[in-house]
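Quick caveat: nothing in here was measured; it's all calculated off a predicted structure. The chains referred to below are lettered A, B, ... by the order of the sequence lines, with proteins before strands, and numbering in each begins at 1.
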Number of protein chains: 2
Amino acid sequence: MTERTTEDDTASHGRPARRDLAAMLVPLTRALTAAELPVLDAHGLAMWAYAVLLRLDDTPVRTQAALAQAIGADKTRIIGILDDLERRGLIRREPDPADRRVRLLSLTDEGRRLRDAVQSAIQLREEKLLSRLPAADRDGFVRALQTLSALPPDEFDEIIG
Amino acid sequence: MTERTTEDDTASHGRPARRDLAAMLVPLTRALTAAELPVLDAHGLAMWAYAVLLRLDDTPVRTQAALAQAIGADKTRIIGILDDLERRGLIRREPDPADRRVRLLSLTDEGRRLRDAVQSAIQLREEKLLSRLPAADRDGFVRALQTLSALPPDEFDEIIG
DNA sequence: TATTGTTATACTCTATAACTATA
DNA sequence: TATAGTTATAGAGTATAACAATA
């Protein structure tokens with residue numbers, strides 16, 4: 001299966017069998033997000049705003065800090081984004097009657113419609129890219145991505161940190 | 001092979017079959033690079049400096065601007081990095097006798113040794129992560145990554161842009 | 001005049017710290 | 001006093017523009 005004839009792939013000397021994963025992932029991720037920016041722009045969404053819509057649709061989030069952490073952002077950074085989304089009627093942000101310090105966050109019907117439209121457009125593009133791969137590689141790629149991105153941070157650190 | 005029973009996977013309504021590739025790639029890439037930072041720190045290398053060492057070892061680069069573009073950086077941004085690498089004897093930066101405006105860039109033996117040491121450590125960690133995947137997914141993942149990251153930017157844009 | 005490399009400047013993104021209100 | 005959210009400030013990273021040397 002491997003293309004190299006040497007016995008030591010992790011190579012204390014000589015060229016390694018593959019490029020670093022990170023060295024391949026960084027440019028690919030950058031190119032992908034850049035290619036999807038026009039789609040977001042067309043719907044007046046910033047990238048973080050889209051991340052918020054995606055996250056809120058999965059499972060309800062009680063506090064803004066938890067939402068920020070879930071999407072890998074800072075709690076101070078999403079405030080302006082939530083302001084905008086609320087103003088446009090895409091999300092609701094209501095004080096919790098039980099603890100009026102926390103803001104209960106939820107998607108409006110229109111927010112869900114927008115999320116659907118944007119996500120369809122984005123995944124359509126992504127599928128075009130995936131279609132360039134052999135079916136086996138494509139399936140393995142998506143499955144591996146799902147497995148790895150589902151790893152909780154502490155388990156990730158335990159493996160690689 | 002697919003887990004869903006609906007016929008329409010790109011979903012004009014309802015939940016999509018998978019999360020967005022970008023939504024999975026961004027956190028994974030961030031976690032990977034974060035996990036590799038301590039390795040780079042231990043050798044006194046910034047991430048961009050490591051990118052330079054990797055790139056110079058592949059094929060010689062004639063101008064600094066070309067090097068910057070090759071690693072996805074700005075030409076003004078790598079100058080301080082090249083200064084440091086040169087000062088430490090890891091790269092050579094000599095004026096081209098044929099055109100004294102351009103600086104010929106190359107790796108010294110010590111630069112290559114450092115690159116090897118760092119890359120071995122990094123790929124060792126990456127392999128630990130990959131070992132968590134089924135063999136088929138792992139191979140597909142790496143092959144897909146190699147295919148996609150080898151796409152020239154204009155071809156990438158043609159597919160997805 | 002055009003190009004390589006460099007320096008200086010401005011801008012964006014992100015993180016830290018200080019403030020308000022509720023508890 | 002402690003916490004959720006907000007605001008203000010500072011810092012890092014990045015891009016833009018002006019400059020010097022060479023062609």
Side-chain angles (χ1 to χ4, degrees), chain A residues 22 26-27 29-34 36-38 40-41 44-52 55-56 60-87 91-106 153, chain B residues 22 26-27 29-34 36-38 40-41 44-52 55-56 60-87 91-106 153:
Chain A
V26 169
T29 302
R30 200 176 300 171
L32 240 193
T33 52
E36 293 176 353
L37 262 186
L40 296 172
D41 277 351
L45 282 179
M47 189 171 55
W48 285 116
Y50 179 55
V52 166
R55 184 62 189 80
L56 285 186
V61 176
R62 230 179 71 89
T63 73
Q64 296 184 179
L67 170 64
Q69 190 183 10
I71 65 177
D74 196 277
K75 70 168 180 172
T76 65
R77 234 162 60 207
I78 64 171
I79 291 176
I81 291 162
L82 295 179
D83 288 345
D84 180 60
L85 290 174
E86 187 184 25
R87 205 177 310 122
I91 67 168
R92 269 180 299 267
R93 180 158 60 158
E94 298 153 333
D96 183 351
D99 182 345
R100 302 237 310 281
R101 289 174 304 181
V102 326
R103 306 271 174 273
L104 298 174
L105 303 168
S106 58
Chain B
V26 168
T29 303
R30 200 177 297 171
L32 241 194
T33 53
E36 294 177 353
L37 261 186
L40 295 172
D41 278 351
L45 282 179
M47 190 171 57
W48 285 115
Y50 179 56
V52 166
R55 185 61 188 79
L56 285 186
V61 175
R62 230 177 72 88
T63 73
Q64 295 183 181
L67 170 64
Q69 189 184 9
I71 65 177
D74 195 277
K75 69 168 181 173
T76 65
R77 231 162 61 208
I78 64 171
I79 291 176
I81 292 162
L82 295 179
D83 288 346
D84 180 60
L85 290 174
E86 187 184 25
R87 205 178 309 124
I91 66 168
R92 270 182 299 267
R93 180 158 60 159
E94 300 153 331
D96 183 351
D99 181 345
R100 302 236 311 280
R101 288 174 304 182
V102 327
R103 307 269 174 273
L104 297 174
L105 303 168
S106 58

Undergrad: For A/G72, does its backbone N or O pair with a side-chain atom of B/R30 as donor and acceptor, under 3.5 Å?
TA: yes
Undergrad: Measure from CD on A/E94 to C1' on D/dA4 and round the result to the nearest Å.
TA: 17 Å
Undergrad: Should B/L37 and B/T33 count as side-chain neighbours, where that means a heavy-atom distance under 4.5 Å?
TA: no
Undergrad: Return the value, rounded to whole Å, for the distance between atom CG of B/D74 and atom C1' of D/dG13.
TA: 11 Å
Undergrad: Verify side-chain contact (heavy atoms from CB on, under 4.5 Å) between B/T63 and B/L104, making sure each step is shown before the conclusion.
TA: CA-CA 6 Å; B/T63 73; B/L104 297 174; over 6 Å; no
Undergrad: Measure CG/A/L104 against P/D/dA4 and give the value in whole Å, please.
TA: 13 Å
Undergrad: How many angstroms lie between atom CD1 of A/I78 and atom CH2 of A/W48, to the nearest 0.5 angstrom?
TA: 9.5 Å
Undergrad: Think B/R77 has a side-chain N or O under 4.0 angstrom from the OP1 or OP2 of D/dG13?
TA: no
Undergrad: To the nearest 0.5 Å, how far apart are OG1 in A/T76 and CD in A/Q64?
TA: 11.0 Å
Undergrad: Supply the atom-to-atom distance B/E36 CD to B/L45 CG, rounded to the nearest 0.5 angstrom.
TA: 12.5 Å
Undergrad: Checking side-chain contact (heavy atoms from CB on, under 4.5 Å) for the pair B/V61/B/R55: CA distance, chi angles, key distance, verdict?
TA: CA-CA 8 Å; B/V61 175; B/R55 185 61 188 79; 3.9 Å; yes
Undergrad: Got a second to check how far A/I81's CD1 is from A/Y50's OH, nearest 0.5 Å?
TA: 15.0 Å
Undergrad: Report all interatomic pairs (protein N or O, nucleotide N or O of nucleotides 6-8 of chain D) with separations under 3.5 Å.
TA:
from	atom 1	to	atom 2	distance (Å)
D/dT6	OP1	A/R93	NH1	3.1
D/dT6	OP2	A/Q64	OE1	3.2
D/dT6	OP2	A/Q64	NE2	2.4
D/dT6	OP2	A/R93	NH1	3.4

Undergrad: Drop me the distance from A/S106's OG to A/R93's CZ, to the nearest 0.5 angstrom.
TA: 11.5 Å
Undergrad: Report yes if at least one side-chain N or O of B/W48 is closer than 4.0 Å to OP1 or OP2 of D/dG13; otherwise report no.
TA: no
Undergrad: Using a heavy-atom cut-off of 4.0 Å to chain B, what are the terminal contacting nucleotides of DNA chain C, in 5' to 3' order?
TA: C/dA2 to C/dT7
Undergrad: Is there a side-chain contact (heavy atoms from CB on, under 4.5 Å) between B/R103 and B/D96 once you walk through the steps?
TA: CA-CA 6 Å; B/R103 307 269 174 273; B/D96 183 351; over 6 Å; no
Undergrad: Rounded to the nearest 0.5 Å, what's the gap from CG on B/L82 to CD1 on B/I91? Could you check?
TA: 4.5 Å
Undergrad: Just the table, please: protein N/O against nucleotides 20-23 of chain D N/O, every pair under 3.5 Å.
TA:
from	atom 1	to	atom 2	distance (Å)
D/dA23	OP1	B/R100	N	3.0

